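To start, the structure itself, in structure tokens.
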Amino acid sequence: TEGAQGISRGRPFHFSLSNYTEHVAKKRVFITKSPHSTKKLGEILGEEVRRHFNKKKTALCFALEGDLGAGKTLFTKGMAHGLGIKRTITSPTFVLAKRYAITKSHFRNLWHIDCYRLKKPTELEPVGWKNMIRDPKNVLVVEWADRIKKHLPQKPVRIVFMHQAPKVRKITLYENR
């Protein structure tokens with residue numbers, strides 16, 4: 001079956017968040033060969049996050065970077081599904097941020113933020129950015145996070161999406177532990 005590299009061979013994807021507060025950066029590279037497998041990788045990560053208890057005093061943040069059409073929103077849709085969210089996930093490009101309730105988890109909210117249209121990071125203030133990042137029961141998925149690097153919570157999980165071929169993506173996950 002087509003899937004993310006490592007998943008298609010029957011090896012489970014495991015993203016450990018148990019020691020999230022340490023200072024060691026760990027890198028995992030995945031190759032997805034279809035939009036479906038990009039979404040599935042997000043779903044698997046979402047399932048792992050759903051079972052996690054956040055030891056931090058701030059939100060758990062996933063900082064997504066990559067070109068247009070690289071799979072950031074599709075990955076986020078999969079992650080939301082893995083978190084147990086049944087609602088349709090749409091890109092918040094024109095509204096900046098959307099909130100989705102998470103049930104059956106320590107986490108309560110998924111905030112999907114899209115910084116593509118931002119001219120400056122202070123434009124996040126009217127949507128309650130500071131409150132979002134302060135709440136350890138929030139999961140933040142920030143698309144175009146490189147545009148607000150200095151305003152992200154400490155130690156975000158950085159995920160970089162790169163085009164390899166028309167449907168093939170290289171997804172590099174940097175876990176800051």
Side-chain angles (χ1 to χ4, degrees), residues 1-8 13 15 25-49 59-83 85-100 102 109-130 132-133 138-176:
T1 23
E2 234 179 343
Q5 185 176 357
I7 295 170
S8 60
F13 170 73
F15 178 74
K26 206 166 133 181
K27 177 174 127 175
R28 298 277 310 262
V29 178
F30 299 90
I31 303 297
T32 59
K33 297 180 179 179
S34 69
H36 173 75
S37 60
T38 298
K39 187 175 180 181
K40 185 66 179 173
L41 182 61
E43 182 178 349
I44 292 167
L45 179 58
E47 289 168 354
E48 180 71 22
V49 168
L60 178 58
C61 181
F62 294 88
L64 279 51
E65 302 173 19
D67 292 334
L68 277 171
K72 296 178 298 295
T73 301
L74 192 59
F75 180 89
T76 302
K77 289 178 180 188
M79 191 170 180
H81 188 261
L83 286 166
I85 297 167
K86 304 290 184 219
R87 287 180 45 201
T88 301
I89 306 300
T90 57
S91 176
T93 301
F94 296 100
V95 294
L96 192 57
K98 290 187 178 180
R99 185 184 69 81
Y100 301 92
I102 301 171
N109 300 297
L110 167 67
W111 283 96
H112 184 191
I113 298 115
D114 189 330
C115 297
Y116 180 72
R117 296 170 52 94
L118 287 186
K119 291 182 180 38
K120 54 189 175 193
T122 54
E123 292 177 51
L124 287 168
E125 291 171 11
V127 297
W129 176 249
K130 288 180 182 175
M132 281 181 216
I133 64 175
N138 285 338
V139 175
L140 308 178
V141 176
V142 183
E143 295 189 40
W144 300 94
D146 46 319
R147 295 179 181 211
I148 62 160
K149 250 181 207 171
K150 293 179 181 176
H151 297 272
L152 292 170
Q154 284 188 334
K155 295 185 247 168
V157 177
R158 187 170 161 241
I159 305 175
V160 179
F161 296 76
M162 295 180 67
H163 292 274
Q164 297 291 294
K167 293 184 180 182
V168 178
R169 301 294 181 262
K170 176 181 177 184
I171 302 171
T172 307
L173 192 143
Y174 299 89
E175 177 184 2
N176 292 316

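Here the structure is a predicted model, which means the values were calculated and not measured. Below, each value reflects all heavy atoms present in this structure, side chains not excepted, and no hydrogens, waters or symmetry copies.
Across all their heavy atoms, R99 and R87 have their closest contact at O-NH1, 3.5 Å. The two residues A63 and A145 make their nearest non-hydrogen contact at CB-CB, 3.4 Å. Summarising the geometry of T90 relative to H112, their closest heavy-atom pair is O-ND1, 3.7 Å, with the distance given to 0.1 Å. Scanning all heavy atoms of the two residues, the minimum distance from L74 to P35 falls at CD2-O, 3.2 Å. Scanning all heavy atoms of the two residues, the minimum distance from G71 to T38 falls at O-CG2, 3.8 Å. The nearest pair of heavy atoms linking P126 to T122 is CD-O, 3.8 Å.
In this structure, the separation between CG on L64 and OG1 on T76 is 5.0 Å, given to the nearest 0.5 Å. Here T88 contributes atom OG1 and Y100 contributes atom OH; the two are 8.5 Å apart, rounded to the nearest 0.5 Å. For the atom pair CG (N109) and CD1 (I85), the distance works out to 8.5 Å, reported to the nearest 0.5 Å. Expressed to the nearest 0.5 Å, how far CD of E125 lies from NZ of K130 amounts to 5.0 Å. Here the OG atom belonging to S34 is positioned 11.5 Å from the NZ atom belonging to K40, to the nearest 0.5 angstrom. Rounding to the nearest 0.5 Å places CD1 of I133 at 8.0 Å from CG of L140.
Looking only at side-chain heavy atoms (C-beta outward), V127 and M132 come within less than 4.5 Å of each other. Here the side chains of E143 and Y116 are not in contact, with every heavy-atom distance at 4.5 Å or above. The side-chain heavy atoms of C61 and V142, taken from C-beta on, include a pair separated by under 4.5 Å. The side-chain heavy atoms of F62 and L110, taken from C-beta on, include no pair separated by under 4.5 Å. Between I159 and L45, the closest side-chain pair of non-hydrogen atoms falls below 4.5 Å. Looking only at side-chain heavy atoms (C-beta outward), L124 and I113 come within less than 4.5 Å of each other. Between L152 and W129, some side-chain heavy-atom pair lies under the 4.5 Å cut-off. Residues L118 and R147 form no side-chain contact, since every pair of their non-hydrogen atoms from C-beta on lies 4.5 Å or further apart.
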Exercise. Could you go through the side chain to side chain contact (heavy atoms under 4.5 Å, CB included) check for M79 and E43 one step at a time?
Key: CA-CA 4 Å; M79 191 170 180; E43 182 178 349; over 6 Å; no

Practice problem: Using the side chain to side chain contact (heavy atoms under 4.5 Å, CB included) rule, take E65 and K149 through it: C-alpha gap first, then chi angles, then the decisive distance, then the call. | Solution: CA-CA 11 Å; E65 302 173 19; K149 250 181 207 171; 4.1 Å; yes

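Panel note: side chain R169, backbone A70; a donor-acceptor pair is recorded below 3.5 Å. Using a distance-only test at 3.5 Å, with no hydrogens or angles considered, a donor-acceptor pair links the side chain of K72 to the main chain of G66.
Shown here is K170, whose NZ atom has no more than 12 heavy atoms of other residues, nucleotides or ligands within 6.0 Å. Environment of NE2 in H81: sparse, with no more than 12 heavy atoms of neighbouring residues, nucleotides or ligands closer than 6.0 Å.
Between F75 and F161, the ring planes are perpendicular. Angles over 60° get that label, and only those under 30° would be called parallel.
Judged by the 6.0 Å distance and 45° axis criteria, R158 is positioned over the aromatic ring of Y174.
A salt bridge is absent between K120 and E123: the closest approach of a Lys/Arg side-chain nitrogen to an acidic carboxylate oxygen does not fall below 4.0 angstrom.
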